[in-house]
Amino acid sequence: MNQTYFAKQALIGSVWQQDVKIHVVDGVIAMITPNQSSDGCMVLEGPVLPGMVNLHSHAFQRAMAGLAEVCLDPKDSFWSWRDLMYGLVAKLNPEQVGQIATYLYIEMLKAGYTQVAEFHYLHHQQSGQAYDNPAEMALQVRQAAVDVGIGQTLLPVLYSHSGFGGQAPNPGQARFIHDLDAYLRLQEQLGQNINALTHNQGLCFHSLRAVTKSQMETALTSLPQDWPVHIHIAEQMKEVNNCVAWSGQRPVEWLANEVGFDARWCLIHATHVNEQEVQTIAKSQAVVGLCPSTEANLGDGIFPITDLVAQGGRLGIGSDSHVCVSVAEELRLLEYGQRLRDQQRNRVYSGEQASVGDFIYQTSVSGGNAACNIKAGLHVGARADFITLDTSHPLLETAKPEQLINRWTFGINHNPVKDVFVAGEQVVSSGCHKLEAWAAGVLASSLKQLLG
Ligand code: NGQ
Ligand code: ZN
């Protein structure tokens, strides 16, 4: 399939170009040239940007967004939230997980996310028994992505233990648990019959709490060497303190010294790191997966983005527990956390890119691509993932191209994403997805059943 698009303005790399022709062959950009005529092209309305990557999602958690904001104990914390989340885990069936993911992924597309890394750890029946088809749950979240047309890196999670040093899992974790053999079989099964342009896989360790060193080493040598590797790390101080008590080292320090990590790795949260650890991460070119709205919601802390960026480190964004499905809100919170910490303005930028919104948008697209092991966006050889903005709001209509992302991120309070294309296919038109009304109805009746 061939299609040629025309954009009056398009963000190519870090530069806004005019009158851009985008030639797409079989979902991939074959040519992209500025200063052309629109003859014979499908004209895209509004400024065109690469789609955003959502590098961290637990789709099922969307079902409880906003329901854990009631103080049940003055000591409410990440860990008491986790108990509530486990309460949801205990009730979900595969069909419901698929329905939640389907609607969520539509919301993501409408928000401008064209790719999602699904950190999937809800594998088994309530009893902890595998389903007859052990991939049943994983296939639900993959099918959701296929149905709505979002790109997906499926990250089946290895989860075997409840705490550092291989502690036995607790009952609330029964649905997550694999031994390494079963995990590798699941990965193999999931590798069959997938459209490699829009769907791939990665290796995923839930956290240093959930796996042992030898499991990590064996998994790393058993699975393809180009797969991305994701892990939750150093999100909470309790986790850091327990890691130090167990090993004498902090989580990132332990991972660097005992297993090692490189540019294939995505360190989710990495909130609590010291200067040395930031240096190690930057040098490794691992991507730090920041989830600003969830990290704020769970009271995690503030990752030192300014230090990472100053050292040439990489980052991307994820919506994680999905208390928020908005690209602009994640980017704004990411920057505002640093401002609130430093009591200063304009924190996350680079020598080459002084515009905060542009810098975090572009860096999150490229970090997200790396974390998913994909090439998507607006350049030759990339999967044709792009979005257009509706500029009818006067603040956008009057913005110069180089002011658009900042206006969107910091200045307006509605979602201006208009049309969304994944692998050259239009999946959102004028803000609407064709399955939206149906999926909303399905989800509403599913939630009534689930939550009463
Ligand atoms: C999760 N979520 O696995 O869903 C985790 C919480 C844990 C976040 N870290 C559970 N945001 O870390 O044990
Ligand atoms: Zn997470």
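Order of listing sets the numbers, starting from 1, for every ligand and every atom in it.
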With nothing but distance in play, are any N or O atoms of Thr294 less than 3.5 Å from an N or O of ligand 1? no
Report the angle formed at the Zn ion (ligand 2) by atom NE2 of His58 and atom NE2 of His232, rounding to the nearest 10°. 100°
Measure from atom 3 (O) of ligand 1 to every heavy atom in Glu295, Gln173, His206 and give the option owning the shortest one. His206
Given that the side chain starts at C-beta and the backbone is N, CA, C, O, which of these parts of Phe119 lies under 4.0 Å from ligand 1, counting heavy atoms, or is it both or neither? neither
Per-atom contacts, ligand 1 versus Leu298 - under 4.0 Å to a heavy atom: 11 (N)
Please check if the side chain of Ser222 supplies one atom and the backbone of Thr218 the other of a donor-acceptor pair under 3.5 Å. yes
Considering Met85, Glu235, His56, which one's heavy-atom position lies nearest to atom 8 (C) of ligand 1? Glu235
So, do His56 and His230 have ring centers that fall under 6.0 Å from each other? no
Could you tell me which non-hydrogen atom of Leu55 sits nearest to which non-hydrogen atom of Gly368, and how far apart they are? CD2-CA, 4.2 Å
Provide the number and element of each atom of ligand 1 under 4.0 Å from a heavy atom of Trp81. 6 (C)
Protein contact of atom 5 (C) of ligand 1 - nearest heavy atom, named by residue and atom, plus distance: His232 CE1, 4.0 Å
Give me the atom names and distance for the closest heavy-atom approach of Leu158 to Asp179. CD1-O, 4.3 Å
For atom OH of Tyr349, is the number of surrounding heavy atoms from other residues, nucleotides or ligands below 6.0 Å larger than 12? no
For the aromatic rings, using the six-membered ring if either is Trp, is the centroid distance between Tyr159 and His123 under 6.0 Å? no
Candidates Gln61, Arg82, His58, Arg209; heavy atom nearest atom 12 (O) of ligand 1 found on Arg209
In terms of side-chain geometry, is the basic nitrogen of Asp73 or Lys75 positioned less than 4.0 Å from the acidic oxygen of its partner? no
Any nitrogen or oxygen of Asp320 lying under 3.5 Å from a nitrogen or oxygen in ligand 1? Just yes or no. yes
For side-chain contact (heavy atoms from CB on, under 4.5 Å), just list the numbers for Trp408 and Leu331, CA-CA rounded to whole Å, side-chain angles, deciding distance to a tenth of an Å, and then say yes or no. CA-CA 10 Å; Trp408 175 20; Leu331 298 180; over 6 Å; no
Is Glu239 close enough to touch ligand 1? Criterion: a residue heavy atom under 4.0 Å from a ligand atom. no
Specify the protein heavy atom at minimum distance from atom 1 (C) of ligand 1: its residue, its atom name, and the distance to 0.1 Å. Tyr121 OH, 3.2 Å
